[in-house]
2 protein chains.
Amino acid sequence: MTAGAAKYDADMPTEVETETELAAVLRSKGLRMTAQRQLVLEAVRALGHATPEQIHERIRGQVDGVNITTVYRTLDLLEELQLVSHTHLSHGAPTYHLAGDRGHAHLVCHRCGRITEVEPTLFANARKEVADATGFIMDVGHVAVFGTCAECLEKDQ
Amino acid sequence: MTAGAAKYDADMPTEVETETELAAVLRSKGLRMTAQRQLVLEAVRALGHATPEQIHERIRGQVDGVNITTVYRTLDLLEELQLVSHTHLSHGAPTYHLAGDRGHAHLVCHRCGRITEVEPTLFANARKEVADATGFIMDVGHVAVFGTCAECLEKDQ
DNA sequence: GTATTTGCAAAAGTTTTGCCCGTGA
DNA sequence: TCACGGGCAAAACTTTTGCAAATAC
């Protein structure tokens with residue numbers, strides 16, 4: 001683990017960086033770096049967006065004996081540290097993703113359940129209009145838009 | 001309740017109309033009109049958007065002995081009949097609202113949890129852009145946008 | 001060494017299911 | 001009449017909590 005090698009490339013939030021960041025953030029709060037915390041963060045990154053259940057599943061395939069309780073607790077912690085955040089997609093199951101990952105809004109098809117990711121720039125206009133109208137600042141990486149996807153629309157006709 | 005007085009004001013989807021519609025839709029499927037079904041639909045309309053729990057709570061204040069199980073089953077049925085639909089706002093709790101009620105998108109503040117309703121016209125642009133880009137048709141009455149409300153932003157600074 | 005974390009088990013909360021009786025058409 | 005619906009109780013899940021043992025620092 002080559003920690004401390006971050007230097008000045010602040011414009012490149014890579015995988016290595018996230019791991020280093022985890023250690024740094026934890027240490028700055030007097031918290032401890034553990035294998036479980038690394039595994040959960042790594043799983044969130046690898047899966048893109050996933051439920052606690054799915055995260056647990058993935059980790060179980062890697063090492064043995066990480067409890068689901070720990071996954072829940074760790075996700076809460078990572079969210080508090082603003083390393084991950086969660087969205088409620090589809091059927092009440094919360095899905096977690098990297099907090100820095102502002103790369104997508106979620107389109108959830110209520111017919112087939114498929115999740116499509118789109119560039120948040122599509123919502124730039126709406127974001128501005130909403131801000132002007134209400135002062136509410138949309139977190140575009142945390143949008144769940146429901147509707148019907150192209151394929152289901154076709155099937156429908 | 002003066003039902004049956006609907007006459008010809010078809011441009012006025014009022015409370016009376018919904019009740020009539022319920023009876024009609026049920027009958028057309030060979031299903032039965034019951035007090036419970038009326039009560040649940042009425043509660044959904046009255047509350048705007050509410051969880052099964054809240055709906056049950058309201059009904060309990062009106063009549064006695066309507067079971068929470070029945071509320072769940074009836075909401076499922078009403079959704080199938082396309083009289084109501086549900087959204088997942090905030091913390092995994094599904095909230096139900098009238099299906100015809102396309103009058104609002106939901107802004108959910110992840111700090112204070114408050115839900116602000118805004119005109120869907122604010123998303124007209126995004127809707128078009130998303131449709132053009134992906135073919136996905138946004139259900140604007142079923143949007144949950146997460147972010148930070150004006151008050152919490154102020155408090156933050 | 002010691003405070004933080006984890007695992008385990010049990011609790012708590014929410015939603016679903018099975019079964020039998022009540023009721024609407 | 002008699003199939004549909006509702007109430008009740010219990011099951012099935014998901015998420016949280018308490019506590020003792022393990023572990024990072």
Side-chain angles (χ1 to χ4, degrees), chain A residues 1 3-4 19-20 22-44 50-57 59-60 62-81 83-84 86-96, chain B residues 3 19-20 22-44 50-57 59-60 62-81 83-84 86-96:
Chain A
M1 262 185 260
E19 193 179 309
T20 316
L22 174 58
V25 172
L26 285 173
R27 214 170 305 131
S28 78
K29 300 256 180 179
L31 302 173
R32 292 170 189 178
M33 175 64 125
T34 66
Q36 287 87 337
R37 287 171 178 177
Q38 280 177 251
L39 283 163
V40 169
L41 183 58
E42 201 278 324
V44 171
T51 63
E53 187 62 36
Q54 293 170 321
I55 291 164
H56 183 223
E57 197 62 35
I59 294 175
R60 185 174 357 191
Q62 298 173 315
V63 300
D64 216 77
V66 173
N67 200 280
I68 182 74
T69 303
T70 301
V71 173
Y72 277 105
R73 276 192 291 225
T74 303
L75 286 170
D76 276 359
L77 176 70
L78 294 179
E79 187 153 37
E80 211 166 286
L81 297 176
L83 293 174
V84 308
H86 78 276
T87 311
H88 291 279
L89 304 175
S90 68
H91 199 66
T95 67
Y96 287 79
Chain B
E19 191 177 309
T20 316
L22 174 59
V25 173
L26 286 173
R27 215 170 304 133
S28 79
K29 301 255 179 179
L31 303 173
R32 293 173 187 173
M33 175 63 125
T34 65
Q36 286 88 337
R37 288 170 178 178
Q38 280 177 250
L39 284 163
V40 169
L41 184 57
E42 202 279 323
V44 170
T51 64
E53 186 62 38
Q54 292 170 321
I55 290 165
H56 183 222
E57 196 61 35
I59 294 174
R60 186 177 354 195
Q62 297 173 317
V63 302
D64 215 75
V66 174
N67 199 281
I68 182 74
T69 302
T70 300
V71 173
Y72 277 105
R73 277 194 288 227
T74 303
L75 286 171
D76 276 0
L77 175 70
L78 294 179
E79 187 153 35
E80 212 166 283
L81 298 176
L83 294 174
V84 308
H86 78 276
T87 311
H88 291 279
L89 303 175
S90 68
H91 198 65
T95 68
Y96 287 79

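Letters A, B, ... mirror the listed sequences (proteins, then strands); counts begin at 1. The structure presented is a predicted model; accordingly, all values stated were derived computationally and were not measured.
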Checklist entry - Partners of A:Glu42 by side-chain hydrogen bond (donor to acceptor under 3.5 Å, both in side chains), sequence neighbours excluded? => result A:Arg58
Could you check how far [atom1] of [X] sits from [atom2] of [N], rounded to whole Å?
{"X": "B:Ile59", "N": "D:dG6", "atom1": "CD1", "atom2": "C1'", "result": "13 Å"}
{"X": "B:His56", "N": "C:dG13", "atom1": "NE2", "atom2": "C1'", "result": "15 Å"}
{"X": "A:Ile68", "N": "C:dC8", "atom1": "CD1", "atom2": "P", "result": "13 Å"}
{"X": "A:Leu22", "N": "D:dA24", "atom1": "CG", "atom2": "C1'", "result": "14 Å"}
{"X": "A:Lys29", "N": "D:dC25", "atom1": "NZ", "atom2": "C1'", "result": "19 Å"}
{"X": "B:Gln38", "N": "C:dG24", "atom1": "CD", "atom2": "P", "result": "11 Å"}
{"X": "B:Leu81", "N": "D:dG5", "atom1": "CG", "atom2": "C1'", "result": "14 Å"}

Checklist entry - So what is the end-to-end bend of the helix from C:dG1-D:dC25 to C:dA25-D:dT1, with 5 pairs used at each end and the value given to 10 degrees? => result 30°
Can you give me the N/O atom pairs linking the protein to nucleotides 5-7 of chain C at distances under 3.5 Å, or say none if there are none?
from, atom 1, to, atom 2, distance (Å)
C:dT5, OP1, A:Arg32, N, 3.0
C:dT5, OP1, A:Arg37, NH1, 3.0
C:dT5, O5', A:Arg37, NH1, 3.2
C:dT5, O5', A:Arg37, NH2, 2.8
C:dT6, OP1, A:Thr34, OG1, 2.9
C:dT6, O3', A:Gln36, NE2, 3.0
C:dG7, OP1, A:Gln36, NE2, 3.2
C:dG7, OP1, A:Gly65, O, 2.8
C:dG7, OP2, A:Asn67, N, 3.3
C:dG7, OP2, A:Thr70, OG1, 2.4
C:dG7, N7, A:Arg73, NH2, 2.8
C:dG7, O6, A:Arg73, NH1, 3.4
C:dG7, O6, A:Arg73, NH2, 3.4

Next on the checklist: Both B:Arg27 and B:Tyr72 contact DNA chain C. Which one's nearest nucleotide lies toward the 5' end?
Outcome noted: B:Tyr72
Checklist entry - So, the side chain of B:Arg37 versus the backbone of B:Leu78: is there a donor-acceptor pair under 3.5 Å, distance only? => result no
Checklist entry - Under 3.5 Å, side chain of B:Gln36 to main-chain N/O of B:Val66, donor-acceptor pair present? => result no
What pairs with [X] under side-chain contact (heavy atoms from CB on, under 4.5 Å), at least two apart in sequence or on another chain?
{"X": "B:Asp76", "value": "B:Tyr96"}
{"X": "B:Thr51", "value": "B:Glu53, B:Gln54, B:Ala93, B:Thr95"}
{"X": "B:Glu80", "value": "none"}

Checklist entry - Which atom names give the shortest non-hydrogen contact between A:Ile68 and A:Pro52, and what distance separates them? => result CD1-O, 4.1 Å
Checklist entry - Quick one: salt bridge (Lys or Arg N to Asp or Glu O under 4.0 Å) partners of B:Arg60, sequence neighbours excluded? => result B:Glu57
Checklist entry - Do A:Leu83 and A:Val44 come close enough that some side-chain heavy atom pair is under 4.5 Å? => result no
